[in-house]
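Sequence lines set the chain letters: A, B, ... in the order given, protein chains first and strands last, and positions in each chain run from 1. Model, not experiment: these values are computed from the prediction.
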Number of protein chains: 2
Amino acid sequence: MSTPQTGAGDPRRSLELLWREDGAQEGRPGPKPRFTLEQVVATAIALADRSGVAALNMRAVADELGTGPMTLYRYVPGKAELLDLMVDRATEPSPEDLATVGSDWREHLVLLAEGTWDDFAAHPWLLELNQRRPVMGPGSLTGFDWALRAFEGLDIPARDQNLIITGVMSIVTGAARDHLIADSSDTPPPTTESEWWAAQEPYLVRAAEGGDYPRLAAVTTEEDAWSFHGREAMRFTLDAFLDGIGARWALDG
Amino acid sequence: MSTPQTGAGDPRRSLELLWREDGAQEGRPGPKPRFTLEQVVATAIALADRSGVAALNMRAVADELGTGPMTLYRYVPGKAELLDLMVDRATEPSPEDLATVGSDWREHLVLLAEGTWDDFAAHPWLLELNQRRPVMGPGSLTGFDWALRAFEGLDIPARDQNLIITGVMSIVTGAARDHLIADSSDTPPPTTESEWWAAQEPYLVRAAEGGDYPRLAAVTTEEDAWSFHGREAMRFTLDAFLDGIGARWALDG
DNA sequence: GCTAACCGAGTACGTTGTACCCAGTTATAG
DNA sequence: CTATAACTGGGTACAACGTACTCGGTTAGC
């Protein structure tokens with residue numbers, strides 16, 4: 001019913017797993033592992049996609065694999081590190097994503113934003129746990145490397161390239177958090193966006209009618225004041241940001 | 001050692017508590033409550049400030065108050081709702097904040113951003129749980145109402161005012177998440193930002209040296225590519241965003 | 001075939017949220 | 001003043017979860 005999760009374990013252990021060479025364990029005594037790390041992570045992702053992050057526990061993942069809870073600890077040091085692996089895998093760009101390139105810097109960054117939005121839509125649990133500094137695995141780096149293609153042939157300092165990409169990600173994540181979260185099958189309502197705001201409305205109306213919050217009252221009288229949703233809100237912020245970026249280096253054209 | 005928490009409980013219950021008229025319970029039989037809701041929330045906030053969100057559990061809060069765990073449930077329906085209350089209280093602007101106004105729209109929005117950043121710095125646990133659509137309590141609305149002063153006297157649609165403020169908040173939250181999180185007293189290292197990146201560096205270097213990630217390799221060779229921190233990164237994104245906003249309505253002057 | 005390293009999986013414990021309960025307290029009605 | 005009813009503090013207890021420990025079985029290399 002309620003609530004688990006922060007977002008990350010010991011990053012040193014997570015990094016070790018993320019960057020492990022899988023070929024390194026041939027020709028050793030002992031039985032072959034029944035599962036692979038990939039399998040465990042993929043199962044956990046599928047479960048989280050289906051039932052939300054609250055339902056993701058070690059017993060459930062083990063059940064899904066047809067084994068006992070402790071078996072998972074042969075593959076992963078703990079739940080927190082499993083979550084780190086899940087994040088990296090779930091955000092790894094697909095080959096088709098990698099093949100798609102924007103025709104200019106701006107279009108490329110929009111593709112980055114839209115693709116990230118799609119990731120959040122496909123894996124809403126990402127939004128419930130991507131808190132903490134990011135753990136950079138192969139998936140994240142692949143995505144980052146792809147994002148950097150936006151600036152190929154342009155004379156923009158590396159530092160600023162990083163800042164711009166980070167900015168795009170902040171904007172997408174912030175908008176996704178407000179509009180996209182949850183709606184997992186076993187969270188009780190209000191769980192959709194409209195239910196959520198419907199629950200708040202009476203309080204907001206009462207607050208606006210009282211004397212406090214005068215500016216809020218003025219704003220909420222306009223009919224369409226809150227009538228933006230999802231991608232639209234994200235694109236608004238993103239476009240303004242990119243306008244500013246374009247002006248800064250006179251990149252427009 | 002590890003990890004609890006998602007960010008919110010049943011919003012209907014949270015809203016009821018947030019907007020409750022405190023005077024309503026005079027002249028009723030039964031003993032007077034030993035604590036107030038404010039006291040419980042303030043204690044929980046103090047504990048989270050001191051020890052981080054992982055250490056925040058009902059027993060610890062109760063201990064702090066000198067009572068048993070179950071007593072808290074006289075004031076709050078559950079832990080998740082307590083967290084909602086903590087968020088609203090911790091982000092409520094102080095009277096001094098409210099008295100400060102930017103001299104134009106842009107300066108005002110910068111004040112909003114910097115103030116929000118300061119909130120995150122004072123209460124890092126906010127970043128570990130502000131996931132989910134926001135629950136609007138008196139504190140949030142006071143802050144929002146104050147933020148809207150940026151647009152007084154300007155002819156900007158209410159809808160766009162909302163979008164702009166939401167955008168600013170996304171930018172600040174995203175930057176804060178990358179640069180400000182954790183460092184709570186009982187999380188094990190790597191917990192500071194530099195420790196964090198130091199742990200990742202060997203893997204990043206190896207990845208850059210391998211043939212994959214060619215653009216990443218090019219970027220990381222520049223010395224100062226990653227030498228931005230905290231507020232600086234936030235201001236970069238924010239300034240570009242505000243440049244774009246200013247151009248859109250020809251607000252610059 | 002011996003051996004050593006390794007795997008699967010059961011048992012069990014500590015932590016945490018919280019349901020349930022009862023005894024004590026106090027405003028109100030008679 | 002007394003009885004009553006609504007409320008309170010806080011103890012006991014349980015369920016869910018992460019995971020430490022352990023043991024019996026399996027397999028590659030000598």
Side-chain angles (χ1 to χ4, degrees), chain A residues 1-10 13 23-37 39-40 43-44 47-48 51-84 86 129 186 188, chain B residues 1-10 13 23-37 39-40 43-44 47-48 51-84 86 129 186 188:
Chain A
M1 180 102 305
S2 73
T3 67
Q5 257 81 17
T6 178
D10 186 334
R13 286 169 170 269
Q25 30 208 15
E26 295 302 312
R28 287 191 309 181
K32 291 279 158 277
R34 195 170 135 201
F35 310 108
T36 64
L37 179 57
Q39 239 177 313
V40 172
T43 304
L47 183 62
S51 309
V53 75
L56 188 94
N57 60 63
M58 300 304 265
R59 278 166 236 261
V61 175
D63 276 357
E64 203 90 355
L65 285 165
T67 183
M70 289 318 295
T71 299
L72 301 180
Y73 290 86
R74 295 272 169 205
Y75 300 88
V76 166
K79 183 185 182 181
E81 288 80 9
L82 174 59
L83 289 169
D84 282 339
M86 290 169 64
L129 48 76
D186 48 5
Chain B
M1 182 99 309
S2 75
T3 68
Q5 257 83 19
T6 180
D10 185 335
R13 286 168 170 270
Q25 30 209 15
E26 294 303 311
R28 286 191 310 181
K32 290 279 157 280
R34 194 171 135 199
F35 311 108
T36 63
L37 179 57
Q39 239 177 313
V40 172
T43 304
L47 182 63
S51 309
V53 76
L56 189 94
N57 60 63
M58 299 304 266
R59 278 164 237 263
V61 177
D63 276 356
E64 202 91 352
L65 286 164
T67 184
M70 290 319 293
T71 300
L72 300 180
Y73 290 86
R74 295 274 167 206
Y75 300 88
V76 167
K79 184 184 180 182
E81 287 80 9
L82 174 58
L83 289 170
D84 282 338
M86 290 169 63
L129 46 78
D186 47 6

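Between Arg59(A) atom CZ and Glu64(A) atom CD the span is 16.0 Å, to the nearest 0.5 Å. Rounded to the nearest 0.5 Å, atoms NZ (Lys79(B)) and CG (Asn57(B)) are 6.5 Å apart. Taking CZ from Arg74(B) and CZ from Arg34(B), the interatomic distance works out to 13.5 Å, rounded to the nearest 0.5 Å.
Regarding Leu65(A), its CG atom lies at a distance of 15 Å from the C1' atom of dC7(C), rounded to whole Å. Atoms CE (Met58(B)) and P (dG10(D)) sit 15 Å apart, rounded to a whole Å. For the pair Lys79(A) NZ and dT16(C) P, the computed distance is 15 Å after rounding to whole Å. For the pair Leu72(A) CG and dA20(D) P, the computed distance is 13 Å after rounding to whole Å. Per the geometry, CG belonging to Asn57(A) stands 11 Å off P belonging to dA16(D), to the nearest Å. The distance between atom CZ of Arg13(B) and atom C1' of dT18(C), rounded to the nearest whole Å, is 12 Å. Rounding to whole angstrom units, CG of residue Asp63(A) and P of dG18(D) are separated by 12 Å. Glu64(B) has its CD atom 15 Å from the P atom of dG10(D), to the nearest Å.
Tested against Val76(B), the residues Asp84(B), Leu82(B), Leu83(B) include a single side chain to side chain contact (heavy atoms under 4.5 Å, CB included) partner, Leu82(B).
Residues Leu56(B) and Met86(B) form a side-chain contact, since some pair of their non-hydrogen atoms from C-beta on lies under 4.5 Å apart.
Between the side chain of Tyr75(A) and the backbone N or O of Phe35(A) there is at least one donor-acceptor pair closer than 3.5 Å.
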Please tabulate the protein-to-nucleotide N/O contacts below 3.5 Å involving nucleotides 8-11 of chain C, giving atom names and distances.
{"residue": "dG8(C)", "atom": "OP1", "partner": "Arg34(A)", "partner atom": "N", "Å": "2.6"}
{"residue": "dG8(C)", "atom": "OP1", "partner": "Tyr75(A)", "partner atom": "OH", "Å": "2.9"}
{"residue": "dG8(C)", "atom": "OP2", "partner": "Tyr75(A)", "partner atom": "OH", "Å": "3.4"}
{"residue": "dG8(C)", "atom": "N7", "partner": "Arg74(A)", "partner atom": "NE", "Å": "3.1"}
{"residue": "dG8(C)", "atom": "N7", "partner": "Arg74(A)", "partner atom": "NH2", "Å": "3.4"}
{"residue": "dG8(C)", "atom": "O6", "partner": "Arg74(A)", "partner atom": "NH2", "Å": "2.6"}
{"residue": "dA9(C)", "atom": "OP1", "partner": "Arg34(A)", "partner atom": "NH1", "Å": "3.0"}
{"residue": "dA9(C)", "atom": "OP2", "partner": "Arg34(A)", "partner atom": "NH1", "Å": "2.9"}
{"residue": "dA9(C)", "atom": "OP2", "partner": "Thr67(A)", "partner atom": "OG1", "Å": "2.3"}

